[in-house]
Number of protein chains: 2
Amino acid sequence: MSATMKDIANETGLGLATISSYFNGGNVRPGNREKIEAAIEKLHYEINETARGLKTDRTRTIGVVIPELQNMFAAKVICHMEDILLKHGYAMIVCDCRTDRKREREAVEFLKKRRVDALFNIPVDNEGGHLKSFLKTGRPVVLIDREIKGIACDTVCTDNFRAIADAVRLMAANGHRRLGMITGPQEISAARERLRGFRSACEELGIAEADCVTACGDDTMEGGARAAEEILAGEKHPTGMIISNYSMTVGAIIRLNEMGISIPEDLSVIGFDNINFAKAMNPVLTIVDQPETLIAEAAAELLLKRIEAAGDEAEGARHVVIPARMVEGRSVRKIRGEEK
Amino acid sequence: MSATMKDIANETGLGLATISSYFNGGNVRPGNREKIEAAIEKLHYEINETARGLKTDRTRTIGVVIPELQNMFAAKVICHMEDILLKHGYAMIVCDCRTDRKREREAVEFLKKRRVDALFNIPVDNEGGHLKSFLKTGRPVVLIDREIKGIACDTVCTDNFRAIADAVRLMAANGHRRLGMITGPQEISAARERLRGFRSACEELGIAEADCVTACGDDTMEGGARAAEEILAGEKHPTGMIISNYSMTVGAIIRLNEMGISIPEDLSVIGFDNINFAKAMNPVLTIVDQPETLIAEAAAELLLKRIEAAGDEAEGARHVVIPARMVEGRSVRKIRGEEK
DNA sequence: TTGATAAACCGAAACGTTTCGGTTTCTGAC
DNA sequence: GTCAGAAACCGAAACGTTTCGGTTTATCAA
């Protein structure tokens, strides 16, 4: 079928080892180098990464397991990681486990069989059971967006605590003293941190606990819609609402539109992620914008370093935290003193 | 390191061929079957797909090359394909070429080196130069969303012509007789078809050619914004605007907001793709919704069939066309007789 | 029990690389 | 021209599977 190194060896009269050395950056005399290149050209030779992978036990492939490819945050992070990894000659196999623990575990097993060199994971199983057997192989794992206690591996997360605390402060600076927050499921560390940020900032600003209502939106559009409704149905009518992920933001806004609630006249809103979506809103939505590019870079760097260092004494897990930034639109109204 | 078939053979006292046969659905006596399963359990054996791939020259891996992962349409299609392929034991390596021909060509070469069994491609290079060498390997290619003349391979496309023609008809049914359309680059077959649909429907409905203005938005957000402005700057003030892909829709809407143009009072709009985005608009945007799920299913089916049929006499290329559907929101105004 | 037929099983060779230890060729100082 | 040391080169073995042809074992009718 296609040409092999042996064919190149025959064509050039050189030995197999020399050809291999050529492809792996070894020293080859200039004349032979030319001969090899001519033979490659002539025979349309292309290195067989499968064979190479078998021999070296390195597939130059990274496994990625995420809860949802449709998830903007995950998609953006992956997109940038792919860019960086490709430059280093690594391929990426992405598995979307649809926020399902069983599928997540299966995905990891699938990737293990394929001998991926390392794993990126935005974990669904907050106990990390799916990672145990992979970790035993000694191959590195980098967790993104969420930590798991008891699983010793590198992590890269947004500074979730501060992200939401900043949102609260922005609301307060505009005179809001009754706030609602739509949270994610509390098994997830990122969602916990965000809620913690909310409570802590409220306390710091002297906002009474009774004036802070929260509702869990399950990180889904439907959940976000339901939670928005729930918050507004309560007797404490918040003047400002903070929504702590992208899907829930979309869901909540759809529902607010349906309910005929105007932003920001009837309710001020701070959403999460996806600047393009925010800008397309009328009025432009104020959001917390996560630094996907920086996260991807940090994660890729961590991962590549671990792969290179394979075999060395593994050093302790690193935890990188990256700040988010507020992008102000016009969805937060300034409340005057007299009208609280 | 990890256990091999040889270890299983030693453990069970069986031969290598029997173990292999076990893993490939061959006949093994029940007693031996149990022994093998016990050994697998004990040694934590996992089949090595790399070795298998080398031997069989089938990696059970599909290469995917797309212009942009951020592209909603591409992301959705990929998401469903991944689902189907995983069920069949296939992995997917996705390469995002950032709408760049050179990167697209490199991506195909990269995947070829990795011996992927087949290729999915939403092509950027409309001459298909990047595919030639891959096609020579005899491995199948399925083109999605765009055809390339002169490249004989299966394709799966939306019925782009009718999708936009329907949009025009909807506008006309609401009394609009002066229309603007934001098109994609005309090198791309899908964009050509959409423009053709626009012109054809306008003609059919007796809308004067002078009342149909078009502007090319390059399939990007920025381009969509620019094109929207261009169309409204002309002396013919269209009452309705049709935008022929998702990014351009977002871009155009952002710009319209910035310009203070209200939808649909000042201008009726029909956008493209992403039903969630459309529903989050206020008023809800009327859009053309592409059937990503059906496209993914059709493409995966075509591909798997080709892979199974490898070696058989290749039958002629198939071209599947799938209808889009209109999802009506409130962004198209009904114009009364007197006020044109 | 026997014999014929089918079902299981077996080991060796092969897939296309990398790597190891050993051999040849080059280089340049004398 | 010689020699030592370095640089280049070499073939064979190995990685973990599948597959081929051939052998053993099971099955069952007579």
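Letters go in sequence order (proteins before strands), and every chain restarts at 1.
Of all the residues in residues 49-56 of chain B, B:L54, B:K55 reach under 4.0 Å from DNA chain C with at least one non-hydrogen atom.
When each of C:dC26, D:dC20, C:dT18 is scored by its nearest atom to the side-chain atoms of B:A17, the top-ranked nucleotide is D:dC20. The listed nucleotides are D:dA26, C:dT17, C:dT18; the one nearest the side chain of A:Y45 is C:dT17. For B:L16, counting side-chain heavy atoms from C-beta on, the closest listed nucleotide (C:dA8, D:dT17, D:dC20) is D:dT17.
In this structure, A:R60 CZ and A:D117 CG are separated by 8.5 Å, a value rounded to the nearest 0.5 Å.
A:S247 is linked by a side chain to side chain contact (heavy atoms under 4.5 Å, CB included) to A:M221, A:N245, counting only residues two or more places apart in sequence or in another chain. Qualifying side chain to side chain contact (heavy atoms under 4.5 Å, CB included) partners for B:E37, counting only residues two or more places apart in sequence or in other chains: B:Y22, B:R33. With sequence neighbours excluded, the residues that form a side chain to side chain contact (heavy atoms under 4.5 Å, CB included) with A:E301 are A:K305.
In this structure, the CG atom of A:N27 is 15 Å from the P atom of C:dC26, given to the nearest Å. A straight line from CG of B:D57 to P of D:dT19 spans 12 Å, rounded to a whole angstrom. One interatomic measurement links the two molecules: CZ of A:F23 to P of C:dT19, which rounds to 15 Å at whole-angstrom precision. Atom CG in A:D7 sits roughly 8 Å away from atom P in C:dG16 (whole-Å rounding). A straight line from CE of B:M5 to C1' of C:dC10 spans 15 Å, rounded to a whole angstrom. Between the NZ atom of B:K6 and the P atom of D:dT18 there is a distance of 14 Å, rounded to whole Å. One atom, CG of A:L14, and another, P of C:dT24, lie 17 Å apart when rounded to the nearest Å. In this structure, the CZ atom of B:R115 is 11 Å from the C1' atom of C:dT17, given to the nearest Å.
Of the two residues contacting DNA chain D, namely A:I19 and B:S20, the nearest-nucleotide position lying further toward the 5' end is that of A:I19.
Dashed line: the shortest gap from a side-chain N or O of B:N24 to OP1 or OP2 of D:dT18 is under 4.0 Å.
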Using residues 148-157 of chain A as the side-chain source, report each donor-acceptor pair under 3.5 Å to any protein atom, sequence neighbours left out, with the distance given to one decimal.
residue, atom, partner, partner atom, Å
A:D154, OD1, A:R306, NH2, 2.7
A:D154, OD1, A:R318, N, 2.8
A:D154, OD2, A:R306, NE, 2.8
A:D154, OD2, A:R306, NH2, 3.4
A:T155, OG1, A:H319, ND1, 2.6

Run the side-chain donor-acceptor check on residues 291-298 of chain A: report pairs under 3.5 Å with partners two or more places apart or on a different chain.
none

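Side-chain N or O atoms of B:S189 include one that pairs as donor or acceptor with a backbone N or O of B:E147 at under 3.5 Å.
Within the 4.0 angstrom heavy-atom criterion, no nucleotide atom of any strand lies near B:G31.
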